[in-house]
A.B. asks: 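The following block contains the structure, expressed as structure tokens.
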Amino acid sequence: KMLHMLPTLYGLLLHKKGIRKEDYMTECIFNLGRLFAVADRLHILYSQDVRQGDIPLRLIGNDQISLALQNPQEAFVALGKRLMHPYISWAKRSQNEATPFGKEVGWCLWDMKKHTQLLADEVFPEEINDADRAKLILGYLSYGAKSKDSGDENPENNGKNKEETL
């Protein structure tokens, strides 16, 4: 029950430091946290499909968080290397299939593309401070949170389709 309150707590702590949601949600460090969360979602889907539901304790996005808290650039590169095979290869083959995972895999690839594009021209901080750590964790924890008003699991979309929001 307490875990769902962590994003709110991190948001309040950042607000108390004078860092507004409208600002940090556009920063690369926040989007890096989101990318790690999308990678975890894709890893879970892969495990449910290919590994017959055997989901590992260490997911690939979460596994990079500790490195990102020290060196975000290195964690971003390491994530890219780990994702390509077998996860991205599987996802590209599976996204349009009429399987329980096909649509969700497509959304994961789309979210991954969106966050990667946001990060493409960014410069990661060489030294990461506590506020940046909070933004990274907040980005990670807030991905996929349900919107109270709509019940939508991806509040970034607000009912729009992929093409409208990109």
Side-chain angles (χ1 to χ4, degrees), residues 2-47 55-85 87-88 91 104-150 152-158 160 162-166:
M2 297 294 286
L3 186 60
H4 76 279
M5 294 176 62
L6 281 177
T8 303
L9 178 62
Y10 278 109
L12 285 171
L13 292 172
L14 289 170
H15 182 74
K16 192 159 178 83
K17 289 189 82 153
I19 303 169
R20 297 170 8 129
K21 176 177 87 169
E22 294 78 12
D23 297 328
Y24 69 73
M25 287 183 73
T26 62
E27 292 183 29
C28 69
I29 201 75
F30 180 85
N31 283 304
L32 183 60
R34 287 275 171 109
L35 182 63
F36 291 148
V38 176
D40 280 353
R41 183 71 192 131
L42 187 66
H43 194 181
I44 289 168
L45 292 170
Y46 172 87
S47 297
I55 299 169
L57 295 176
R58 296 182 72 175
L59 299 170
I60 56 178
N62 185 273
D63 203 31
Q64 299 303 316
I65 293 284
S66 59
L67 177 58
L69 292 171
Q70 303 301 314
N71 187 333
Q73 180 78 38
E74 192 175 327
F76 179 61
V77 171
L79 178 68
K81 288 178 183 177
R82 287 204 52 205
L83 275 175
M84 288 316 290
H85 185 71
Y87 308 106
I88 296 294
E104 235 180 308
V105 168
W107 278 109
C108 280
L109 285 174
W110 182 82
D111 278 344
M112 203 165 276
K113 175 183 173 186
K114 181 179 97 174
H115 292 294
T116 302
Q117 285 175 337
L118 289 170
L119 293 169
D121 297 324
E122 294 290 334
V123 176
F124 291 100
E126 289 187 23
E127 291 187 22
I128 187 165
N129 59 33
D130 287 342
D132 286 337
R133 287 182 183 100
K135 294 172 198 173
L136 177 78
I137 293 168
L138 184 57
Y140 178 79
L141 292 175
S142 65
Y143 175 79
K146 290 189 180 194
S147 170
K148 286 183 182 178
D149 298 334
S150 67
D152 183 10
E153 286 194 28
N154 196 346
E156 297 172 60
N157 295 334
N158 292 328
K160 298 177 185 174
K162 295 178 203 176
E163 291 76 24
E164 289 174 338
T165 55
L166 189 62

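The basis for the numbers below is simple: all heavy atoms, side chains too, and nothing from hydrogens, waters or symmetry mates. Everything quoted here is computed from the prediction, not taken from an experiment.
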A.B. asks: Do any pairs count as a salt bridge (Lys or Arg N to Asp or Glu O under 4.0 Å) and have a residue in residues 129-142, sequence neighbours left out, and if so which ones?
C.D. replies: Glu27-Lys135, Asp130-Arg133, Asp132-Lys135

A.B. asks: Apply side chain to side chain donor-acceptor pair (under 3.5 Å) to Asp40 and list each qualifying residue two or more places apart in sequence or on a separate chain.
C.D. replies: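 Tyr140.
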
A.B. asks: Between Leu136 and Ile65, what is the shortest heavy-atom contact and its length?
C.D. replies: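 Where Leu136 meets Ile65 most closely, the heavy atoms are CD2-O, 4.3 Å.
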
A.B. asks: Arg41: what forms a side chain to side chain contact (heavy atoms under 4.5 Å, CB included) with it, not counting sequence neighbours?
C.D. replies: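 With neighbours one apart ignored, the set is Ile44, Leu45, Glu104, Cys108.
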
A.B. asks: Considering residues at least two apart in sequence or located in another chain, which fulfil the ring-ring contact (aromatic ring centres under 6.0 Å, His included) criterion with Phe36?
C.D. replies: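 With neighbours one apart ignored, the set is empty.
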
A.B. asks: Using a 3.5 Å cut-off and no angle test, enumerate the donor-acceptor pairs between side-chain atoms of residues 66-73 and protein atoms at least two apart in sequence or in another chain.
C.D. replies:
unit_1, atom_1, unit_2, atom_2, d
Asn71, OD1, Gln73, N, 3.3
Asn71, OD1, Glu74, N, 3.1
Asn71, ND2, Glu74, OE1, 3.3

A.B. asks: Under the salt bridge (charged side-chain N to carboxylate O under 4.0 Å, His left out) test, which residues partner Asp121, sequence neighbours left out?
C.D. replies: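 Partners of Asp121 under the salt bridge (charged side-chain N to carboxylate O under 4.0 Å, His left out) test: none.
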
A.B. asks: Work out which heavy atom in Arg58 is nearest to a heavy atom in His43; give both atom names and the distance.
C.D. replies: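 Between these two residues, the closest heavy atoms are O-CE1, 3.8 Å.
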
A.B. asks: Holding to side chain to side chain contact (heavy atoms under 4.5 Å, CB included), I want the full list of residues that pass it with Glu122, two or more places apart in sequence or in another chain.
C.D. replies: Cys28

A.B. asks: Roughly how far apart are Leu109 CG and Leu42 CG, rounded to 0.5 Å?
C.D. replies: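 Answer for the CG-CG pair, Leu109 versus Leu42, is 6.0 Å.
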
A.B. asks: In Å, rounded to the nearest 0.5 Å, how long is the span from CG of Leu32 to CZ of Arg34?
C.D. replies: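 The CZ atom of Arg34 is 12.5 Å from CG of Leu32, to the nearest 0.5 Å.
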
A.B. asks: Run the ring-ring contact (aromatic ring centres under 6.0 Å, His included) test against Phe76 and tell me which residues pass, sequence neighbours left out.
C.D. replies: Phe124

A.B. asks: Return the set of residues passing side chain to side chain contact (heavy atoms under 4.5 Å, CB included) with Thr116 (not counting sequence neighbours), or none when no residue passes.
C.D. replies: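 For Thr116 the side chain to side chain contact (heavy atoms under 4.5 Å, CB included) partners, ignoring immediate neighbours, are Leu35, Met112.
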
A.B. asks: Applying ring-ring contact (aromatic ring centres under 6.0 Å, His included), name anything that partners Tyr24, two or more places apart in sequence or on another chain.
C.D. replies: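 With sequence neighbours excluded, Tyr24 shows a ring-ring contact (aromatic ring centres under 6.0 Å, His included) to Phe30, given in chain and number order.
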
